[in-house]
Amino acid sequence: MNETTRSCRSCGTSNLRTVLSLGKTPLADRLLTEAMLGSAEPMYPLTLCFCPDCSLVQIAETVSPQELFCDNYPYYSSFSPALLRHSRDNAEQLIRMRRLGAQSLVVELASNDGYMLKNFAEHGIPVLGIDPADGPARVAQEAGIETLCTFFTQDLARRLRNEGKTADVVIANNVLAHVPDLNGFVEGIGVLLEDTGVAVIECPYVKDLVNHCEFDTIYHEHLCYFSVTALDNLFARHGLSLNHVERLSIHGGSLRLFVARKRQVSEGVRRLLEDERTAGVDQFSHYRDFADRVGELRGSLLGMLHELKREGRGIAAYGAAAKGATLINYVGIGPDMIDFVVDRNTHKQGCYMPGKHMPVYPCEKLLETLPGYCLLLAWNFADEIMQQQARYLERGGAFIIPVPTPRLVANTEAVAHG
Ligand code: JHZ
């Protein structure tokens, strides 16, 4: 099921202006099994828009969340060591800051395989996960993390509150962009929070997306691309205050938001709002040349790949990431160019990439076959992946990093990174 909207997902006005069209693309996390290869794949238009009224960048299309998240969703957070470290550090900081203990409750929305909540549970802090993807939710339950396998909604928040379950901390990482009922979701956070509770929310930052040409992070799961300005408007509408914001490097540049009922806005929030006004993030003109820059990137990446292919040493790709699906489908990179993709996630291995159908293998395949080049689709974990693959680099392999402008990294540079 697919709907196209011309009214803003946050403020509801109908002045949306188109920023970029990526054409029709398959669903980025719908990897195919061998049996699925013979049947038609759902393909949907992907159009990035800007709302001049509340500044929210968003896509026009809504694919049903059931189709996106409920059928063999292959993303399991725990396969990315850098994400695990990032989450543990954040959990430990929250435990200290909020003095959490056996009497507290931490609720995570989109808790996936329990990658985050296990850090609280280890300290004896009661936790509750909520996630609609049954595979990851089952892994969390098996690890002893209480998890409701369902979508978080206002109604669920009310039900939990009626059962006496209000949260000292609500965590919502990389989920705000995924929800079609954005206002209902934020309202639900307010319902679930204890009076003195805090919601800690991470989402990719649209300013980084645009500045670093991270167009591949645009796909149907990501309905919204947030600026601090748009977020401030959104939370204020629900009686919540965006009190503090941190900028993070994860996922190509993210925001960590601290949201509460009581207004205690930090100087940092005011500064970021001011920076966005100065940079024009709240104006359509800020996004006007983005489509041209994305088109240029496509041209230069294709040019580079054709040149490298002619050397005859083979090209593979690393990371069957959702963003990788946008990249290969929009740029037009198929099995004639890329022989195979490697990924640590065992749920993705043995499957085929959406749209272009390159097979996904375990990472060992890279050293076994030694292709001359490897396109890094999971470029957001570049340093970590290149360190893991030091032997591939030592043996003459090189990585192609596609964004912000395609570049080659061979052994010497990788050692400098390490
Ligand atoms: P990764 C994810 O998108 C999921 P994806 C989701 N769509 C979202 O909102 C964004 O993040 C923010 C693999 N890998 O996380 C694991 C290795 O093989 O960058 C993943 O399959 N070895 C909900 O999918 C992929 O790469 C490694 O060492 O675009 C990375 O996917 C590491 C670190 C990762 O984003």
Side-chain angles (χ1 to χ4, degrees), residues 25 27-31 59 63 65 68-70 73-87 108-113 115-116 131-133 135-137 172-179 201-206 208-209 214-226 248-256 316-330 340-354 358 360-367 374-390 392 399 401-403:
T25 66
L27 300 180
D29 267 320
R30 188 178 180 275
L31 279 85
I59 58 167
V63 175
L68 287 171
F69 302 111
C70 294
Y73 190 60
Y75 181 77
Y76 288 67
S77 306
S78 294
F79 284 102
S80 298
L83 180 68
L84 290 179
R85 284 197 301 276
H86 170 88
S87 309
E108 186 179 15
L109 318 180
S111 47
N112 198 270
D113 56 11
Y115 74 104
M116 176 61 159
D131 198 295
N173 291 345
N174 295 304
V175 60
L176 202 59
H178 295 64
V179 288
I201 300 169
E202 287 182 20
C203 56
Y205 189 21
V206 73
D208 291 321
L209 187 167
E214 297 163 356
F215 74 95
D216 50 349
T217 61
I218 302 167
Y219 43 90
H220 299 96
E221 276 171 51
H222 292 168
L223 303 168
C224 299
Y225 304 82
F226 294 104
L248 310 168
S249 60
I250 198 148
H251 292 306
S254 297
L255 297 171
R256 179 180 289 151
Y318 192 113
K323 67 176 79 58
T326 301
L327 189 118
I328 59 172
N329 283 285
Y330 170 73
F340 59 87
V341 180
V342 296
D343 197 292
R344 284 167 69 129
N345 181 338
T346 48
H347 304 273
K348 295 185 178 179
Q349 295 165 5
C351 295
Y352 296 82
M353 289 300 281
M358 288 83 107
V360 182
Y361 294 122
C363 297
E364 290 70 27
K365 180 93 174 169
L366 211 51
L367 263 187
C374 183
L375 175 62
L376 192 46
L377 298 173
W379 49 260
N380 48 319
F381 293 120
D383 286 352
E384 166 153 7
I385 289 172
M386 289 194 296
Q387 278 173 39
Q388 280 166 25
Q389 294 297 329
Y392 167 70
F399 281 98
I401 307 205
V403 301

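From a predicted model like this one, the values you see are computed outputs, not experimental measurements. Residues take their numbers from the sequence shown, with the count starting at 1. Excluded from the calculations below are hydrogen atoms, water molecules and symmetry mates; all remaining heavy atoms, backbone and side chain alike, are included. In listed order, ligands and their atoms are each counted from 1.
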Chemist: Relative to the ring of His178, is the ring of Phe69 parallel (under 30°), tilted (30 to 60°) or perpendicular (over 60°)?
Modeler: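 If you compare the ring of Phe69 with that of His178, the planes turn out tilted.
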Chemist: Who are the side chain to side chain contact (heavy atoms under 4.5 Å, CB included) partners of Ser249, not counting sequence neighbours?
Modeler: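 For Ser249 there are no side chain to side chain contact (heavy atoms under 4.5 Å, CB included) partners, ignoring immediate neighbours.
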Chemist: With His220, which residues qualify under side-chain hydrogen bond (donor to acceptor under 3.5 Å, both in side chains), at least two apart?
Modeler: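 If we apply the side-chain hydrogen bond (donor to acceptor under 3.5 Å, both in side chains) test to His220, skipping adjacent residues, there are no hits.
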Chemist: How would you list, by chain and number, the residues with a heavy atom under 4.0 angstrom from ligand 1?
Modeler: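 Residue list for ligand 1: Tyr73, Tyr75, Ser80, Asn174, His178, Tyr219, Glu221, His222, His251, Tyr318, Gly319, Ala321, Ala322, Lys323, Asp343, Arg344, Lys348, Ala378, Asn380, Phe381, Ile385, Gln388.
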Chemist: Quick one: side-chain hydrogen bond (donor to acceptor under 3.5 Å, both in side chains) partners of Asn112, sequence neighbours excluded?
Modeler: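 Residues passing side-chain hydrogen bond (donor to acceptor under 3.5 Å, both in side chains) with Asn112: Ser77.
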Chemist: Are Glu221 and Tyr73 close enough, and set up right, to give a side chain to side chain donor-acceptor pair (under 3.5 Å), and what steps lead you there?
Modeler: CA-CA 11 Å; Glu221 276 171 51; Tyr73 190 60; 2.9 Å; yes
Chemist: What do the steps show when you test Ile250 against Leu83 for side-chain contact (heavy atoms from CB on, under 4.5 Å), and what is the final call?
Modeler: CA-CA 8 Å; Ile250 198 148; Leu83 180 68; 3.6 Å; yes
